[in-house]
Protein chains: 2
Amino acid sequence: MQRGRPFNRQDMNLSHSMEDYLEAIYNIKVRNQVARVKDISREMNVRMPSVTGALKALADKGLVIYQPYESVELTQAGLDHARGIAHRHTAVREFLTSVLGLPEEDVEQEACGLEHAISPETLDRLLKLVDFIGAHGDDKAFRLSDFQSFLKDGSDPDGDMSADVCYLPATIKSTRLSELCPGMKGRIAFVSGRKPIRKRLVEMGMTSDTHFEVLRTAPFGDPIEIKIRGYNLSLRRSEAEHVEVEVIND
Amino acid sequence: MQRGRPFNRQDMNLSHSMEDYLEAIYNIKVRNQVARVKDISREMNVRMPSVTGALKALADKGLVIYQPYESVELTQAGLDHARGIAHRHTAVREFLTSVLGLPEEDVEQEACGLEHAISPETLDRLLKLVDFIGAHGDDKAFRLSDFQSFLKDGSDPDGDMSADVCYLPATIKSTRLSELCPGMKGRIAFVSGRKPIRKRLVEMGMTSDTHFEVLRTAPFGDPIEIKIRGYNLSLRRSEAEHVEVEVIND
DNA sequence: TTCTTAAGTTAGTCTAGCCTAACTATAACG
DNA sequence: CGTTATAGTTAGGCTAGACTAACTTAAGAA
Ligand SMILES: [Mn+2]
Ligand SMILES: [Mn+2]
Ligand SMILES: [Mn+2]
Ligand SMILES: [Mn+2]
């Protein structure tokens, strides 16, 4: 009851449909670097004119850059938003499979329906629940109160996941390079931002599909050092924020 | 991705909006016996002409009986459907509060958004998760695998909830009288079905707002014996199915 | 360089779901 | 029994989001 408007996510109120378009664009770009109308149409199972219409609406909201006949670019706001939706999707999927034990192949559609109604607080706790249960495995016993206190202060009586300086939820499959922790590996998906920034990063070797490993990060993640193409490369945080990566859990 | 149609729930495909109308009608009837346009309008925070339109749509689908200027009745199909939505709502709410520990007052809207995207399998497991954790309380430890095997065969190593002959999930706040287990108490909410059936049940004392307790049920719940207005009353299952009750956890 | 074809856009239609404004029915009251 | 207030309906408008049909663009093949 009380059919009100959804949660305030950064002052932007997107419909389920617009969120799905944004999510699709993001996922296609992570896979393919570029997202074209046909790709989106195929991914979402709608006709191309529907995509054109959605792109106009998203462009009006400042979330994508859309020039007729060109491949669609995400703005910084659009990218942040899209990443958020994709994270909600994976968080829900992982909850359904790893906590509720539902079969992988059945949960995709359901996750994509639920993701639009997940509040920021619920997302946070869902991520933590999945990680908490993942860390405990199938064997180790725990109390609900253990989880509740882990929620509050990050403490865990069994010590498997307490107070990591750098912590990325296991459910997250793609994010900014600047979010990664030392030891993590990944694949450069695409580089965002304005031309000069993109150019500079590409010249440093941050081209799509290249694999890398994070070597170390300074206290506030600035700079971040990675191993890429056999070289060690040091990036400023402001640069690493423009590099969208797919996390690889070997 | 893949914006397809929702789950097949008894061959009926209701929009989120239509589900909310049905849920509101059900909840109002559980509280008030009758649901009028104004009540629905207030409950859902929409204007009255929107309600009139929704009622016409629901009547076309055979879920409500709608005669201009009269209070709205649920058909048997509509009642079943509505009860299902209300159960999804409460299951989600209880999960959010008792497992994720979110504050009661924050979760209503979110539950009402999520309920529309919950599959039957997920509902089932969510109900069981809440019950399982409820039965274990905050203190007793358990493994995820305990829950998983409880899901499969209803067995629980700690024995608190194994193999109850009669089992009603704790999250369910209102249902048919025929679903209740011996020892449970409740309040008659309303009686459904055609006039002669309703009349017969009312003559037996099954009038709205009357409190009762279930004394015992025969193996397949037929007949069911209750204590009501100081008398013991025995009902056939087919009759008890028409009595919608609010469960009272004293 | 022209032809062909796939990708993309435009225009127009339809449905769901909300709204306001204006009209109508019902019931309660004097 | 007529008046009046409230509940309810009808008519009409608007937006979002899908669709088809028809046209346009751009890129590769001949
Ligand atoms: Mn979705
Ligand atoms: Mn999704
Ligand atoms: Mn709802
Ligand atoms: Mn609800």
Side-chain angles (χ1 to χ4, degrees), chain A residues 1-6 12-25 28-29 32-73 85 109 112-113 116-117, chain B residues 1-6 12-25 28-29 32-73 85 109 112-113 116-117:
Chain A
M1 44 233 129
Q2 279 280 111
R3 287 180 69 72
R5 301 287 145 254
M12 183 111 261
N13 250 334
L14 286 183
S15 66
H16 292 194
S17 179
M18 288 301 112
E19 287 199 338
D20 279 344
Y21 279 103
L22 218 42
E23 184 191 18
I25 293 164
I28 291 166
K29 281 183 77 98
N32 285 355
Q33 291 83 253
V34 292
R36 286 165 307 167
V37 171
K38 194 68 193 295
D39 302 323
I40 303 167
S41 157
R42 193 180 21 248
E43 175 111 350
M44 294 186 63
N45 203 29
V46 296
R47 302 295 179 178
M48 289 202 292
S50 307
V51 177
T52 304
L55 291 178
K56 281 176 182 168
L58 291 172
D60 284 349
K61 293 176 190 293
L63 297 170
V64 305
I65 297 162
Y66 161 68
Q67 299 288 359
Y69 298 103
E70 291 185 9
S71 68
V72 39
E73 291 302 317
I85 300 159
Q109 276 218 223
C112 211
H116 309 287
Chain B
M1 45 232 126
Q2 278 281 110
R3 287 180 69 72
R5 301 285 145 255
M12 183 110 263
N13 250 334
L14 286 183
S15 65
H16 291 193
S17 179
M18 289 301 112
E19 288 199 340
D20 279 345
Y21 279 104
L22 218 42
E23 184 191 17
I25 293 164
I28 292 166
K29 281 184 77 98
N32 286 357
Q33 290 83 254
V34 292
R36 285 164 309 166
V37 172
K38 194 69 194 294
D39 302 323
I40 302 167
S41 157
R42 191 180 22 247
E43 174 110 349
M44 294 186 62
N45 203 28
V46 296
R47 303 294 177 178
M48 289 202 293
S50 307
V51 177
T52 304
L55 291 178
K56 282 175 181 168
L58 291 171
D60 284 348
K61 293 176 190 293
L63 298 170
V64 305
I65 297 162
Y66 161 69
Q67 299 287 359
Y69 298 103
E70 291 186 9
S71 68
V72 38
E73 291 302 318
I85 299 159
Q109 278 220 221
C112 210
H116 309 287

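Predicted model, so just to flag it, every value in this text is computed and none were measured. Just so we're on the same page: letters track the sequence lines, and every chain starts at 1.
- Phosphate proximity of D/dG8 to B/Tyr66: absent, as no side-chain N or O sits under 4.0 Å from OP1 or OP2.
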Enumerate all atom pairs, one protein N or O and one N or O from nucleotides 21-23 of chain D, separated by less than 3.5 Å.
none

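- Within residues 51-63 of chain B, the residues that have a heavy atom under 4.0 Å from DNA chain D are, in order of number, B/Thr52, B/Lys56.
- Residue B/Met48 has its side chain nearest to D/dG8 when only D/dC19, C/dA16, D/dG8 are considered.
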Strictly under 3.5 Å: I want the nitrogen or oxygen pairs between protein and nucleotides 24-27 of chain C, one per line.
| unit_1 | atom_1 | unit_2 | atom_2 | d |
| --- | --- | --- | --- | --- |
| C/dA25 | O4' | B/Tyr69 | OH | 3.3 |

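- Checking C/dG8, C/dG17, D/dG8 against every side-chain atom of B/Arg36, the shortest atom distance belongs to D/dG8.
- Note: CE (B/Met18) to P (C/dA16) measures 9 Å, nearest angstrom.
- Between A/Ala117 and B/Gly113, the shortest heavy-atom contact is CB-C, 3.6 Å.
- Residues in residues 60-73 of chain A take part in these side-chain hydrogen bond (donor to acceptor under 3.5 Å, both in side chains) pairs, two or more places apart or across chains: A/Lys29-A/Glu73.
- With A/Asp39 contributing its side chain and A/Arg36 its backbone, the two residues share a donor-acceptor pair below 3.5 Å.
- At whole-Å resolution of the value, CD in A/Gln67 and C1' in C/dG8 are 14 Å apart.
- Phosphate proximity of D/dT20 to A/Arg47: present, with a side-chain N or O under 4.0 Å from OP1 or OP2.
- In this structure, CD of A/Glu19 is placed 15 Å from C1' of D/dA16, rounded to the nearest angstrom.
- Residues B/Ser15 and B/Tyr21 form no side-chain contact, since every pair of their non-hydrogen atoms from C-beta on lies 4.5 Å or further apart.
- Atom CE of B/Met48 is separated from atom OG1 of B/Thr52 by 7.5 Å, given to the nearest 0.5 angstrom.
- Across all their heavy atoms, B/Leu55 and B/Val64 have their closest contact at O-CG2, 3.8 Å.
- Between B/Val72 and B/Ile40, some side-chain heavy-atom pair lies under the 4.5 Å cut-off.
- Atom CD of A/Glu70 is separated from atom P of C/dT9 by 10 Å (rounded to the nearest Å).
- By the 4.5 Å heavy-atom criterion applied to side chains, A/Glu43 and A/Ile25 are not counted as neighbours.
- Straight-line distance from the CG atom of B/Asp20 to the C1' atom of C/dA16: 14 Å, rounded to whole Å.
- Here the closest heavy-atom approach between residue B/Ile85 and residue B/Leu22 is recorded as CD1-CB, 4.2 Å.
- With rounding to whole Å, A/Lys38 atom NZ is found 16 Å from D/dA27 atom P.
- In this structure, the separation between CG on A/Asn13 and CE on A/Met18 is 13.5 Å, given to the nearest 0.5 Å.
- Between A/Ser50 and D/dC19 there is a side-chain N or O to OP1 or OP2 distance below 4.0 Å.
- Between A/Glu23 and A/Cys112, the shortest heavy-atom distance links the atoms OE1-SG, 3.5 Å.
- Ring geometry for B/His16 against A/His16 counts as perpendicular: the plane angle is over 60°, on a 0 to 90° scale with 30° as the lower cut.
- The separation between A/Leu22 atom CG and D/dG17 atom C1' is 16 Å, rounded to whole Å.
- Distances shorter than 4.0 Å separate some side-chain N or O of A/Ser17 from OP1 or OP2 on D/dA18.
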